[in-house]
Amino acid sequence: MQNMAPLSQDVLTIPRKSLNGPTNLIGLTRTGLRKVLIEAGTPEKQSRMRANQIWQWIYAKGARNFDVMTNLAKPYRANLKNNFVLDVPHVVTKQVSEDGTRKYLVRIEGGHEVEVVYIPEEDRGTLCISSQVGCTLTCSFCHTGTQRLVRNLTSAEIVGQILLARDDLDQWPIPGINTREPRLLSNIVLMGMGEPLYNFDNVRDAMKIAMDPEGICMSRRRITLSTSGVVPEIAKTAEEIGCLLAVSFHATTDEVRDKLVPINKKWNIATLIETLRTYPKLSNSERITFEYVMLKDVNDSDADARRLIKLIQGIPAKINLIPFNEWPGAPYQRSDWQRIRAFSDIVFAAGYASPIRTPRGEDIMAACGQLKSASEKAKKNSIRAKSVTPAQ
Ligand code: SAH
Ligand code: SF4
């Protein structure tokens with residue numbers, strides 16, 4: 001049963017209402033929020049205003065309880081308390097790497113765990129978030145791929161990762177000043193655990209919330225969704241989310257890509273490339289990022305670099321070369337630095353930006369493809385691990 005690539009609706013998604021207990025207001029779209037408020041007795045005429053007020057408390061001010069919502073009358077707040085909750089995933093542990101990368105182990109409904117990684121850089125701070133517990137796909141170089149899919153994350157759990165990182169980074173605006181400088185969390189990448197396009201609706205709703213100007217206010221150009229190549233969902237991503245796209249390309253022949261990224265058997269390189277051609281125009285974005293993991297003697301030859309250039313001809317693109325990050329039992333080795341540089345030079349000479357991604361947070365297993373929940377992970381000594389409780 002290896003390499004099965006189910007359609008997104010085949011994957012178990014927990015509907016908000018089916019979770020035990022009251023409805024979580026976090027993760028609802030604006031329309032969804034209004035709807036549940038009306039159902040709980042808010043007069044329809046007032047519902048837009050009430051939804052706006054609550055929205056701002058949650059996403060612009062970081063509220064996690066109804067008592068702080070002082071511009072709502074006390075009885076109204078009491079009614080909210082009776083009907084709803086404001087739940088974000090619980091941070092179980094936080095690890096800080098020698099290079100400043102932070103990795104949060106986060107517990108979600110059902111006791112499952114996912115990882116969220118914050119990567120500080122000079123000019124930006126990027127949060128790498130997860131979309132699924134595990135992954136249905138089985139890319140042979142990816143640690144997450146060795147863990148079976150447990151379930152899709154809800155939109156609350158996806159946007160909740162951003163909220164809890166804002167808590168930890170102390171990024172909520174100071175009352176009266178309304179800003180928080182410097183902005184430590186400026187970018188989001190959907191490059192954590194899971195295939196975001198197999199959880200399309202929840203990822204879309206969560207990103208719409210993140211982009212909303214009256215809340216987290218993240219520009220769509222600062223959100224990058226990475227896919228292994230779920231072709232039918234790519235045009236939808238352009239139309240319904242409009243964020244930047246990264247594609248896990250990793251090979252230049254179907255023979256090799258079938259092995260590395262088995263979804264290639266379903267949608268091969270030619271089909272994928274054809275779909276990618278339309279993405280920049282559809283999403284009104286400049287270019288696509290091609291991710292290319294550098295595996296020693298597997299996909300890293302000069303001939304590969306030249307084939308890659310030929311394949312992507314005509315697509316506005318940047319090639320992100322990712323030195324393979326090892327994990328216990330991994331069947332591959334990282335290409336030598338000299339080889340990675342030679343590959344990069346060929347791509348660069350053809351007119352494409354070809355940055356080599358500096359591995360971050362390796363000492364805490366937070367680098368690309370090293371994420372995996374449960375306690376199987378190797379831990380090294382240079383870790384500072386401490387338990388934290390999200391701010392209320
Ligand atoms: N499922 C999505 C997003 C998560 S993976 C996808 O596959 O695109 C994020 C990126 O990390 C992908 O480009 C993936 O190919 C890469 N990656 C996975 N395992 C890796 C490893 N061991 N070393 C380096 N990059 C890896
Ligand atoms: Fe899943 Fe992406 Fe890992 Fe492939 S690389 S197994 S799609 S998380």
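Order of appearance sets the numbers: ligands from 1, and atoms from 1 within every ligand.
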Numbered atoms of ligand 1 (with element) below 4.0 Å of F324, judged on heavy atoms =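 In order of numbering, the contacting atoms are 21 (C), 22 (N), 23 (N).
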Which ligand 1 atoms are under 4.0 Å away from a heavy-atom of H250?
->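 Ligand 1 atoms under the 4.0 Å threshold to H250: 13 (O), 14 (C), 15 (O).
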Who passes side chain to side chain donor-acceptor pair (under 3.5 Å) against [X], sequence neighbours left out?
{"X": "N320", "answer": "none"}
{"X": "N52", "answer": "R30"}
{"X": "N71", "answer": "W57"}

Proximal protein heteroatoms (N, O or S) of atom 4 (Fe) of ligand 2, under 2.8 Å =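 Under 2.8 Å from atom 4 (Fe) of ligand 2 - ignoring waters, which are not counted - the protein N, O or S atoms are C139 SG.
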Charged N to carboxylate O under 4.0 angstrom, R341 versus D336?
->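 Salt bridge between R341 and D336, a charged N being under 4.0 Å from a carboxylate O: no.
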For atom 2 (C) of ligand 1, which candidate among G229, S226, S130 provides the closest heavy atom?
->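 Minimum heavy-atom distance to atom 2 (C) of ligand 1 goes to S226.
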Going by atom types only, do R34 and S47 share a side-chain donor-acceptor pair under 3.5 Å?
->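 Present: a donor and an acceptor within the cut-off.
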Considering all heavy atoms, the nearest S226-S248 contact |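 Taking every non-hydrogen atom into account, OG-OG, 3.7 Å.
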Parallel, tilted or perpendicular for F290 and F249, by the 30°/60° rule?
->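 Answer is perpendicular, since the angle exceeds 60°.
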Look only at interatomic distance and state if N325 has a nitrogen or oxygen under 3.5 Å from any nitrogen or oxygen of ligand 1.
->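 There is such a contact, yes.
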Indicate yes or no: does an N/O atom of E291 lie under 3.5 Å from an N/O atom of ligand 1?
->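 Indeed, backbone or side chain, E291 has an N or O that close.
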Matching residue for E113 among K103, R151, R107 - test: salt bridge (charged side-chain N to carboxylate O under 4.0 Å, His left out) |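 Passing option: R107.
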Using a 4.0 Å heavy-atom threshold (strictly under), name the region of V247 that reaches ligand 1: side chain, backbone, both or neither.
->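 It is neither; nothing of V247 touches ligand 1.
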